[in-house]
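In listed order, ligands and their atoms are each counted from 1.
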Amino acid sequence: MKDKATLEYQGKKFEFPVVEGTEKELAIDIKKLRSTTGMITLDPGYKNTGSCESAITYLDGEKGILRYRGYNIEELAEKADFLEVAYLLIFGELPNKEQLHKFHEDIKHESHVDEEMKKILDAFPKSAHPMGVLSSLTSALIAFNPSSVNITSEKDMYHAIIRIMAKFPVLVAWTMRKQKGLPLDYGDDNLGYVENLHKMMFKRPNKEYVKNKIVIDALDQLLILHADHEQNCSTSTVRITGSSHAGLFVSLSAGISALWGPLHGGANQAVLEMLEAIAADGGDTQKYMNKAKDKNDPFRLMGFGHRVYKNFDPRAKIIKRAADEVLGDLGIEDPILSIAKGLEKVALEDPYFVDRKLYPNVDFYSGIIYRALGIPTEMFTVMFAMGRLPGWIAQWREMRLRGEPIGRPRQVYIGENQRPFVPLNKR
Ligand code: SDX
């Protein structure tokens, strides 16, 4: 504990401990606020409220820093692969060769999904949004893996983690193949984790699957960049769902639903739709900038702004560079990329955006790469969920292992004061 903070109200002084994190962040510990003052805090959207102490991911929004378990995102994106990063986030250390091999072998052993699950998938119309399908399938997994996680048993916890790491890519692939009317494929144990995901997504029934290293490396890096982001909306949803001791799979399903929102993970799909609308509108970026700044217009510049980053989102910088490289390597000329760059340039010089410190976030350029990889726009947020899976697992596991209490915020009531009942014939 660092020292104390004093609150003074109506002539009374109340002291609260100040806690300091390993990166010198300071927080007032208000666990005893209501019992000592009778008051609570009010903070819609929790913009100033820490929900937990966590050792998984560190962000510095002012400096544009992002680290998973102490490793800078720039190094992990360049030097690690997605499965290594998943292991790091969940278990806290980069795996050695044996650990990584065993992790992957254990995952391969669990990569079958019960054929009955296909009946649930069949029940959806082709027009169903893939995020709704994925959330439902993830929740349905519990029916085929009934043993809920006994978190006091490390073996049981490990087995649950392996099961979802193994089955989730299959569900992601099935979700896309359902929409495209393709037969539901299974993985190939001879392939890498991300290569296997790509094969399950794209293999054509009547064609050999041919690996494209550029595509697999780009997908692997995008998944790493989406793998965790401390207490964002969907991760907080996973945590608060799990805090009631609901199971891991259903907590993840809740997180997928929260991620779907266009203010959160759904933004990557909304960015592409916005850029396509601008292209269809003759590339008139200024018109959309004016809409974004008009308080009477609900339109926002999708892919811009962030609750924490008041500087460049470090992931956006990496993805912007990767977009140039991947499209160049694949020989793709996408006018949408030029529109995106033009929009970014105009926004970064506009006082409205500069004053509010609104920079491109992770969602601004990611869709351009997904599109170049042949991923349909409606699947962009599913790819975000695939990347965020290990982060959600790590955060759920940390919350349960730390024995965090059930999440139950208070409120300030602003409704009617007590009043007598009025019989129907008198209303
Ligand atoms: C993700 O939290 C995470 O870590 C999330 C994430 C992760 O990895 O999990 O990083 C992933 O969700 C990235 C964000 C994707 N969403 C979008 O790109 C949607 C567009 N952005 C916004 O809606 C907004 O910036 C949020 C939701 C991201 C953040 O909103 P905040 O922190 O609640 O900020 P705010 O809405 O209070 O905005 C502050 C001001 C307001 O103007 P004023 O009232 O001060 O005049 O900035 C304006 C807002 O109107 N503003 C925007 C804007 N974003 C904020 N104006 C136009 N376009 C925008 N995009």
Side-chain angles (χ1 to χ4, degrees), residues 43-51 54 56-62 64-68 73 77 85 89 131 222-239 255-275 278 285-319 340 343-344 346-348 350-367 380-381 383-392 394-395:
D43 187 21
Y46 312 115
K47 295 190 176 189
N48 306 281
T49 299
S51 60
S54 177
I56 298 170
T57 290
Y58 172 67
L59 301 187
D60 181 320
E62 280 66 34
I65 291 172
L66 170 58
R67 294 191 197 125
Y68 297 160
I73 191 65
V85 170
L89 285 167
M131 282 296 275
L222 279 172
L223 294 175
I224 289 173
L225 292 168
H226 286 82
D228 194 52
H229 216 239
E230 58 140 90
Q231 304 313 315
N232 60 84
C233 177
S234 53
T235 298
S236 298
T237 303
V238 169
R239 275 183 170 255
I256 295 166
S257 300
L259 185 71
W260 192 358
L263 293 187
H264 190 14
N268 58 16
Q269 173 180 340
V271 167
L272 230 294
E273 289 162 353
M274 173 185 74
L275 295 172
I278 294 172
T285 48
Q286 197 51 55
K287 173 180 165 187
Y288 286 81
M289 289 290 294
N290 297 338
K291 280 171 62 70
K293 296 189 289 186
D294 177 357
K295 287 300 163 203
N296 300 319
D297 189 327
F299 175 80
R300 287 197 154 187
L301 202 61
M302 303 313 277
F304 260 77
H306 197 278
R307 173 60 58 77
V308 176
Y309 289 124
K310 300 308 170 192
N311 191 326
F312 250 90
D313 180 335
R315 302 166 297 176
K317 279 185 187 171
I318 298 169
I319 295 174
L343 198 55
E344 176 188 357
V346 170
L348 295 185
D350 184 297
Y352 174 93
F353 287 81
V354 174
D355 296 348
R356 292 168 178 78
K357 298 183 179 171
L358 303 176
Y359 292 89
N361 59 49
V362 66
D363 293 312
F364 190 62
Y365 285 105
S366 55
F380 289 0
T381 312
M383 299 316 291
F384 191 142
M386 180 68 244
R388 188 52 53 89
L389 177 69
W392 283 335
Q395 299 273 354

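- The shortest heavy-atom distance from Q231 to ligand 1 is not under 4.0 Å.
- Rounded to the nearest 0.5 angstrom, Q269 CD and S366 OG are separated by 11.5 Å.
- Of all protein heavy atoms, the one closest to atom 12 (O) of ligand 1 is H264 ND1, 2.9 Å.
- Residue contacts with ligand 1 for V271 are absent, since no atom lies close enough (heavy atoms, distance under 4.0 Å).
- Heavy atoms only, all atoms of each residue included: A258 and S234 are closest at CB-CA, 3.8 Å.
- Here the heavy atom of the protein found nearest to atom 2 (O) of ligand 1 is N232 CB, 3.5 Å.
- Rounding to the nearest 0.5 Å gives a distance of 12.5 Å between CZ of F384 and CD1 of I256.
- For the atom pair CG of N268 and CE of M302, the computed distance is 9.5 Å after rounding to the nearest 0.5 Å.
- On a distance-only criterion, A267 and ligand 1 share no N/O pair closer than 3.5 Å.
- For H306 and F364, the ring centers are positioned 6.0 Å apart or more.
- When only non-hydrogen protein atoms are considered, atom 21 (N) of ligand 1 lies nearest to F304 O, 2.9 Å.
- Here the straight-line distance linking atom CZ of R307 with atom CG of N232 works out to 11.0 Å at 0.5 Å rounding.
- Distance from atom 4 (O) of ligand 1 to its nearest protein heavy atom, with residue and atom name: H229 ND1, 2.6 Å.
- Classified by interplanar angle (parallel below 30°, tilted 30° to 60°, perpendicular above 60°), the ring pair F299/Y288 is perpendicular.
- Between the D363 side chain and the A267 main chain, no donor and acceptor come within less than 3.5 Å of each other.
- Residue-ligand proximity: E230 is placed with every non-hydrogen atom at 4.0 Å or more from ligand 1.
- Not close to ligand 1: K293, with no non-hydrogen atom less than 4.0 angstrom away.
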May I have the step-by-step check of side-chain contact (heavy atoms from CB on, under 4.5 Å) for H226 and I319, ending in yes or no? CA-CA 11 Å; H226 286 82; I319 295 174; 4.3 Å; yes
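- For atom 6 (C) of ligand 1, the choice among H306, R307, R300 with the nearest heavy atom turns out to be H306.
- Closest to atom 27 (C) of ligand 1, if we only count protein heavy atoms, is L263 O, 3.9 Å.
- With G391, A292, G265 as candidates, the residue nearest to atom 57 (C) of ligand 1 on a non-hydrogen basis is A292.
- Under a 3.5 Å cut-off, the side chain of T57 and the backbone N or O of H229 do not form any donor-acceptor pair.
- Using a 4.0 Å cut-off between heavy atoms, Y352 contacts ligand 1 through its side chain alone, with no backbone atom that close.
- If you take CG on L389 and CG on D228, they are separated by 11.0 Å, rounding to the nearest 0.5 Å.
- Near K47, meaning under 4.0 Å from any of its heavy atoms, are these atoms of ligand 1: 33 (O), 37 (O).
- Those atoms of ligand 1 with a heavy atom of K295 less than 4.0 angstrom away are 42 (O), 43 (P), 44 (O), 46 (O), 50 (O).
- Considering backbone and side-chain atoms alike, K310 places every N or O at 3.5 Å or more from each N or O of ligand 1.
- Atoms of ligand 1 lying under 4.0 Å from any heavy atom of M302, numbered from 1 in the order shown and given with element: 18 (O), 19 (C).
- Between G303 and ligand 1, an N or O atom pair is found at a separation short of 3.5 Å.
- Counting heavy atoms from C-beta on, the side chains of Y359 and D313 never come closer than 4.5 Å.
- The nearest heavy-atom contact from the protein to atom 51 (N) of ligand 1 is L358 CD1, 3.7 Å.
- Residue contact check for ligand 1: H226 places no non-hydrogen atom closer than 4.0 Å to it.
- Protein heavy atom in closest approach to atom 9 (O) of ligand 1: R388 NH1, 2.9 Å.
- In terms of protein heavy atoms, atom 40 (C) of ligand 1 is closest to R356 CD, 3.9 Å.
- In terms of modelled atom types and a separation under 3.5 Å, the side chain of R239 and the main chain of T235 share no donor-acceptor contact.
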